[in-house]
2 protein chains.
Amino acid sequence: MKIGELAKRSGQTQSRIRFYERIGLLKLVDRRANGYRAYPPEALVVLNLIDTAQNAGFSLDEIRRMVPSDLGEWKHEGLLDALRAKVAEITTLEGRLAQSKAQIAGLIAEIEAKPGDITCKDNARRVMARMLVETAERS
Amino acid sequence: MKIGELAKRSGQTQSRIRFYERIGLLKLVDRRANGYRAYPPEALVVLNLIDTAQNAGFSLDEIRRMVPSDLGEWKHEGLLDALRAKVAEITTLEGRLAQSKAQIAGLIAEIEAKPGDITCKDNARRVMARMLVETAERS
DNA sequence: TCTAACCTTTAATCTAAGTTTAAGGTCAAG
DNA sequence: CTTGACCTTAAACTTAGATTAAAGGTTAGA
């Protein structure tokens with residue numbers, strides 16, 4: 001399979017596929033006499049794997065460490081550790097997002113609760129004072 | 001207040017404070033005769049505000065659009081819209097994270113459920129087949 | 001043979017949010 | 001008057017994950 005076909009079948013750009021090769025992520029490639037890249041069908045599997053892992057939040061660097069690229073010898077214990085670490089990481093991130101969301105929601109409520117008889121400027125001051133309290137609490 | 005003091009009191013680096021000024025985020029600054037920057041106390045408030053907003057997940061670009069920098073005229077309706085949009089964005093992100101987490105957790109379970117009588121290589125194939133199914137389902 | 005579709009390479013460019021470096025001006029103390 | 005702390009600028013560099021451009025080689029079909 002030439003790169004154009006692999007690109008079409010994997011849904012990725014040629015430049016991206018060449019980039020993965022350059023950074024040592026996709027080693028499953030040969031060369032024909034004319035210099036063209038020749039991919040075995042497994043290359044499609046690897047590209048899908050990379051895409052899946054990336055969607056799960058792994059960086060290309062992490063993926064390179066996890067995927068053996070020859071597709072047959074997973075350094076199994078390291079992989080499990082990486083997966084568990086990633087779950088923990090996501091959990092942490094979820095906590096931070098929930099906090100941010102609550103903070104913003106609170107701010108919206110604060111702004112909307114404008115007494116109506118005070119000026120916009122005064123409301124701004126009131127809201128700002130509240131935000132600074134939150135900032136102080138966070139640190 | 002000179003930049004050194006502002007940096008110390010805000011907990012940010014001088015280069016960062018100059019950078020904020022350069023991109024038009026911190027306009028609350030004067031110059032002394034010698035060329036030194038002179039900050040009013042409110043600059044500290046603005047820096048805290050930027051920090052808070054950034055922690056809530058806003059980009060500097062978004063912050064610039066939201067914060068009027070003269071600290072007294074909030075284009076109120078735009079701010080509320082931005083805040084609501086950010087809450088929606090966080091909610092979307094939370095959904096994606098939950099999905100990723102579930103996917104990884106499933107993968108961990110799959111790997112650990114290795115029958116015990118098959119080889120590591122065969123288990124790799126089994127797990128990979130499973131991952132590719134998930135990839136296909138996602139697209 | 002011409003042309004269009006493919007393929008190759010290296011190097012530059014992009015975004016975000018800054019940091020670092022180089023070269024130099026200002027100021028207070030001893 | 002010199003030393004050290006502080007300030008100035010512009011420009012280059014950083015990371016991640018690519019994309020784009022420039023310049024050129026290969027191949028299939030009419």
Side-chain angles (χ1 to χ4, degrees), chain A residues 1-40 43 46-67 69 82 86 89 93 96 100, chain B residues 1-40 43 46-67 69 82 86 89 93 96 100:
Chain A
M1 200 183 335
K2 283 186 286 180
I3 196 171
E5 192 188 341
L6 182 61
K8 217 162 269 171
R9 303 224 299 192
S10 68
Q12 312 211 8
T13 61
Q14 301 188 14
S15 65
R16 176 130 76 167
I17 295 171
R18 290 197 195 99
F19 170 72
Y20 286 166
E21 181 183 342
R22 204 161 70 232
I23 65 171
L25 197 49
L26 180 58
K27 297 187 178 125
L28 228 56
V29 54
D30 246 344
R31 293 294 178 138
R32 295 196 191 156
N34 58 11
Y36 286 16
R37 285 171 180 81
Y39 296 95
V46 172
L47 279 182
N48 279 328
L49 224 50
I50 292 173
D51 192 49
T52 301
Q54 230 178 341
N55 269 301
F58 290 92
S59 72
L60 296 185
D61 216 55
E62 290 171 315
I63 297 172
R64 185 172 36 221
R65 270 178 257 130
M66 279 163 37
V67 177
S69 82
K86 184 58 65 177
E89 207 178 289
L93 194 51
R96 277 199 276 135
S100 288
Chain B
M1 198 185 334
K2 282 185 287 180
I3 197 171
E5 193 188 341
L6 182 62
K8 217 161 268 169
R9 303 224 298 191
S10 68
Q12 311 210 9
T13 61
Q14 301 188 12
S15 66
R16 176 131 75 166
I17 294 171
R18 291 198 195 97
F19 170 72
Y20 286 166
E21 182 183 341
R22 205 161 69 228
I23 65 172
L25 197 49
L26 180 57
K27 297 187 177 125
L28 228 57
V29 54
D30 245 343
R31 292 294 179 137
R32 295 195 192 155
N34 58 12
Y36 286 16
R37 286 172 180 81
Y39 296 95
V46 172
L47 279 182
N48 280 327
L49 225 49
I50 292 172
D51 192 49
T52 301
Q54 230 177 342
N55 269 300
F58 290 92
S59 71
L60 296 186
D61 215 55
E62 292 172 314
I63 297 172
R64 184 173 37 221
R65 271 178 256 130
M66 280 164 33
V67 177
S69 82
K86 184 58 66 177
E89 207 179 290
L93 193 52
R96 276 199 276 136
S100 289

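The chains referred to below are lettered A, B, ... by the order of the sequence lines, with proteins before strands, and numbering in each begins at 1.
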Between C:dC7 atom P and A:E21 atom CD, what is the distance in whole Å?
14 Å
To the nearest Å, how far apart are B:D51 CG and C:dA17 C1'?
13 Å
For the residue pair B:L47 and B:Y20, what are the closest heavy atoms and their distance?
CD2-CD1, 3.8 Å
Tell me, with the steps shown, if A:L60 and A:I50 meet side-chain contact (heavy atoms from CB on, under 4.5 Å).
CA-CA 8 Å; A:L60 296 185; A:I50 292 173; 4.3 Å; yes
Which part of the nucleic acid does B:R32 contact within heavy-atom distance under 4.0 Å: base, sugar-phosphate only, or nothing?
nothing
Rounded to whole Å, CZ of B:R18 lies from P of D:dC7 at a distance of 8 Å
Determine, for nucleotides 15-29 of chain D in 5'-to-3' order, which nucleotides have protein heavy atoms under 4.0 Å from the base (write B), from only the sugar-phosphate (write S), or from neither (write -).
--BBBB----BBS--
Please find the pair of heavy atoms, one from B:S100 and one from A:A56, that lie closest to each other, and give the distance.
OG-CA, 3.7 Å
Using atom CD1 of B:I50 as one end and atom P of C:dA16 as the other, report the distance to the nearest whole Å.
16 Å
If you compare all heavy atoms of A:A7 against all heavy atoms of A:T13, which two are closest, and at what distance to 0.1 Å?
CB-C, 4.3 Å
D:dC7 phosphate, OP1 or OP2: any side-chain N/O from B:R37 under 4.0 angstrom?
no
Length of the line joining B:I23:CD1 and C:dT15:P, which is rounded to integer Å:
14 Å
Going through the checks in order, is the side-chain contact (heavy atoms from CB on, under 4.5 Å) test met by B:R37 and B:R31?
CA-CA 5 Å; B:R37 286 172 180 81; B:R31 292 294 179 137; 3.3 Å; yes
Nearest whole angstrom, please: distance from the C1' of D:dT8 to the CD1 of B:I3.
10 Å
Could you state the atom-to-atom distance from OH of A:Y39 to P of C:dC6 in whole Å?
16 Å
Would you call B:E62-B:R65 a salt bridge at under 4.0 Å N-O?
no
